[in-house]
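Notes follow once the structure below has been shown.
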Amino acid sequence: MDFALGGEPHTGAFVMTYNDHPIKKKYMSYFKFGEGPLYMFYTPYHLAHMQLPHSVARAVLFNDPTLTPQGAPSATPGVAKRDLKAGEVLDGMGGFTCYGLADSYANCRRGDYLRWHVRGLPSASRHP
């Protein structure tokens, strides 16, 4: 993952999917998404403040999670964009000193990689 400041097309959501189900492929083609089996969707906005309460309510009321990981859990270790000076503070996601890469949690733990705090952004720490 990387984040851009001031770039175009601004915020939004890109989703890449794979679908080889014959009936669903027929509908995807009918709705002009292509022949598949790979499809890409783009929404030029991201309404997290409206989506989050709905997801939380479904999880609490219906025990229906919005997203569930498949396989091993993942992590996002921080990677320096340039050589850092001793004691230099990382400016966090979207900043100038580092970006995040997706990797398996096992690899990150084994390599003792720097990880992002969920609550403490932009700080980062070692795995517990």
Side-chain angles (χ1 to χ4, degrees):
M1 288 179 260
D2 200 356
F3 301 87
L5 297 174
E8 292 292 334
H10 298 292
T11 61
F14 284 91
V15 178
M16 296 183 70
T17 63
Y18 175 86
N19 178 26
D20 62 357
H21 188 278
I23 295 174
K24 291 178 183 177
K25 280 180 66 172
K26 180 180 174 185
Y27 281 110
M28 294 301 282
S29 178
Y30 176 76
F31 289 116
K32 309 288 190 242
F33 284 102
E35 298 301 316
L38 298 173
Y39 303 94
M40 188 166 95
F41 304 91
Y42 169 65
T43 302
Y45 51 85
H46 186 60
L47 304 174
H49 64 286
M50 294 178 71
Q51 297 164 344
L52 182 63
H54 184 259
S55 294
V56 171
R58 287 195 65 88
V60 172
L61 297 173
F62 306 114
N63 196 26
D64 179 24
T66 303
L67 297 171
T68 55
Q70 294 180 346
S74 63
T76 306
V79 179
K81 292 183 177 180
R82 59 179 169 76
D83 290 339
L84 302 174
K85 298 174 187 159
E88 187 171 356
V89 176
L90 301 176
D91 57 1
M93 290 191 278
F96 298 99
T97 59
C98 55
Y99 62 94
L101 289 176
D103 200 351
S104 72
Y105 182 80
N107 283 345
C108 293
R109 182 138 178 118
R110 190 172 32 256
D112 195 29
Y113 297 145
L114 199 62
R115 68 179 170 93
W116 299 110
H117 275 295
V118 173
R119 281 183 255 155
L121 283 178
S123 65
S125 72
R126 298 278 175 201
H127 290 269

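- From Ser55, atom OG reaches atom CE of Met50 across 12.5 Å, with rounding to the nearest 0.5 Å.
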Original post:
Can you list the steps and then say if Phe96 with Lys81 is a side chain to side chain contact (heavy atoms under 4.5 Å, CB included)?
Top reply: CA-CA 7 Å; Phe96 298 99; Lys81 292 183 177 180; 5.8 Å; no
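- Contact of the Arg110 side chain with the Asn107 side chain is registered, since non-hydrogen atoms from C-beta on lie closer than 4.5 Å.
- Taking the ring centroids of Tyr27 and Phe33, they lie at or beyond the 6.0 Å cut-off.
- Residues Val15 and Tyr39 share a single hydrophobic cluster, defined by chaining ILVMFWY side chains whose heavy atoms lie under 4.5 Å apart.
- The CE atom of Met28 lies 5.5 Å from the OG1 atom of Thr17; values are rounded to the nearest 0.5 Å.
- Grouping the Ile, Leu, Val, Met, Phe, Trp and Tyr side chains by contacts below 4.5 angstrom, directly or via other members, places Tyr30 with Ile23.
- Screening Asp64, Thr66, Asn63 for a side-chain hydrogen bond (donor to acceptor under 3.5 Å, both in side chains) involving Arg58 leaves a single residue, Asp64.
- Pairing each heavy atom of Asn19 with each of Lys25, the nearest pair is O-CG, 3.5 Å.
- Note: Asp20 CG to Leu38 CG = 10.0 Å, rounded to the nearest 0.5 Å.
- The local environment of CZ in Phe62 is sparse, with at most 12 non-hydrogen atoms from other residues, nucleotides or ligands closer than 6.0 Å.
- One hydrophobic cluster, built from ILVMFWY side chains closer than 4.5 Å, cannot hold both Met16 and Tyr18; they sit in different ones.
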